[in-house]
Amino acid sequence: MIHMKNVCKTYENGAVALDHVSIDIAKGEFVFLVGASGAGKSTFIKMLLREVLPSEGVLQINGHDVVHMPHGEVPYLRRGLGVIFQDYRLLPDKTVFENIAFAMQVIEAPRRLLQRSVNAVLDVVGLRDKYKCFPNQLSGGEQQRVAIARAIVNDPAIVIADEPTGNLDPETSWGIMDIFKRINTAGTTIVMATHDKTIVDTMKKRVIAIEDGRIVRDEARGVYGYEN
Amino acid sequence: MKIRTSEYFIREVFFSLKRNNWMSVASIATVAVSLFILGMFLIIVMNMNRMASSLESQVQISVYLKEDISKQDVKDLQDDLQNMQGIASVTFVGKEKAMERFKERLGDQKFLLDALGDTNPLPDSFEVTVKQPELVKTAAAAISNYSGVESAKYGQDVVEHLFDITRLIRIFGLALMAVLAGATLFIISNTIRLTVFARRKEIAIMKYVGATDWFIRWPFLLEGIVLGCGGGIIAALALRSAYGMIAAKIYNTLAYFPLIPTYPFLNYISLTILLSGMIIGALGSTISLKRFLKA
Ligand SMILES: Nc1ncnc2c1ncn2[C@@H]1O[C@H](COP(=O)(O)OP(=O)(O)OP(=O)(O)O)[C@@H](O)[C@H]1O
Ligand SMILES: [Mg+2]
């Protein structure tokens, strides 16, 4: 599903963000990406989205050769990935429903599926009754749930999240994690970068720890392993 | 493109024009002014060209014959000239006829000729016209080499001056057109840049969820084309009425002036102006979007 071999990333200014990273993530896995600030987690995530290109190495996702793919293929790689950020990134002048539907419209998904798919993901994140609200009428946790709904509405094989609970209180964070668990149980692979020790320690999922761009630990049922 | 998608694009363009209403109006106005001036130059240059070539095609070559030429030689020469390539007509003007014309031209001052008494110093001549204006020069040169021909002359100065002026106007016009096209491109691309900026979050999300570049590009491209087209329509309408008015004035005062007839000429000009507007609009938005679609 995700295959990385000796992937390096050096930014234009010379900063080495990833250093010979090799990793395989199989379908249906739930993976935490942990590490201190500046370790290279976001770079890892951006690489999966092909926002940054590896300077070296092999990267294959869902059968796409990310390093050598032509520019025109990038959208099709991304259609197989659902992405969630710390800051939600909802469109403020669109309702909850419209925000989610937007993700389907812009890839020209069949219109007859629109209503049904959006309602289905609203059920998954438990916001069916708020579909008419605008983002500024929602709490942070609710906004993040809308963002999750948007990420999964096109039924991606992999959901990628960069500190999705970074702005949320513990209780709300658990609500988000419950949703992730459910999505994962339904067969979707999940890769989540996080600083949240409690979540990682409690979930007992695979943990990949990065330090200075290198993988220093990769455990099937790991723990956070740092003091915050 | 699917019907539903074009519906979406049209809605996007409409909202964006509304959101940027002042910028939109300003860019349409700029495009209109630029294209109007552009069109004016086009009209002037084309008219000058036409005037020059119509003058030139009217130009006759006067072929003056030597004094001692025999009747038979004149006949032979006329046949020779008529058989020359590119010659439209050859008319013989005898010296008596030439004198008559000369008197006519002198009008009241005919008495000047009294001093000549009965002698007629004017030579026999041919009036030769050519089929294509470009041929005047070479034909005149060739004809003057025939034996029995004293000289072959035409109004070369007038024609050449006119061509010089046309060339000058054309160069100046081209330079001005380039500057105006640049200015138009600039203002359209700036307007589109505003739209792109207002919608940068949307664009970012579109890219994350896998919208293609063309899907992202179309609304902006359409907006640019609409701006260019809007300005083009105004410019074309203004040009039509301006040319109509000027043409009417000129026909009243200078009936023989070889102005290009309004139709279908104005239709071509309008089409050119509209197309230029649309192309400039599309180019302008392409420039603004380039940076955003890189990553
Ligand atoms: N666009 C960039 N240009 C240059 N250097 C960068 C860029 N983005 C990140 N870096 C550098 O690469 C390294 C890894 O950054 P990255 O954002 O991946 O860390 P992170 O693990 O996500 O940190 P955090 O936990 O604070 O989000 C850092 O040293 C950072 O300064
Ligand atoms: Mg980060």
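In what follows, chains carry the letters A, B, and so on, assigned in the order in which the sequence lines appear, proteins first and then strands, with residues in each chain numbered from 1. Predicted, not measured: the structure shown is a model, and the values here were computed from it. Below, all heavy atoms of this structure are taken into account, side chains as well, without hydrogens, waters or symmetry copies.
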Under 3.5 Å, sequence neighbours excluded: what are the donor-acceptor pairs made by side chains of residues 123-130 of chain A?
| residue | atom | partner | partner atom | Å |
| --- | --- | --- | --- | --- |
| A:Asp123 | OD1 | A:Arg128 | NH1 | 3.2 |
| A:Asp123 | OD2 | A:Arg128 | NH1 | 2.8 |
| A:Lys130 | NZ | A:Glu142 | OE2 | 3.2 |

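- Residues forming a salt bridge (Lys or Arg N to Asp or Glu O under 4.0 Å) with A:Arg79 (at least two apart in sequence, or on another chain): none.
- Nearest heavy-atom pair, B:Gly210 versus A:Ile107, reported as atom, atom and distance to 0.1 Å: O-CG2, 3.5 Å.
- We find the CZ-CE distance between A:Arg78 and B:Met206 to be 13.5 Å, quoted to the nearest 0.5 Å.
- Using a 4.5 Å cut-off between non-hydrogen atoms, the part of residues 87-98 of chain A that approaches chain B consists of A:Arg89, A:Leu91, A:Lys94.
- Contacts classified as ring-ring contact (aromatic ring centres under 6.0 Å, His included) and involving residues 175-213 of chain B (residues at least two apart or in different chains) are given here: A:Phe85-B:Tyr208.
- Taking both residues in full, the closest heavy atoms of A:Tyr76 and B:Thr212 are given as OH-CG2, 3.4 Å, listed atom of the first, atom of the second, then distance.
- Annotation: A:Tyr131, atom OH; neighbour count of heavy atoms from other residues, nucleotides and ligands within 6.0 Å does not exceed 12.
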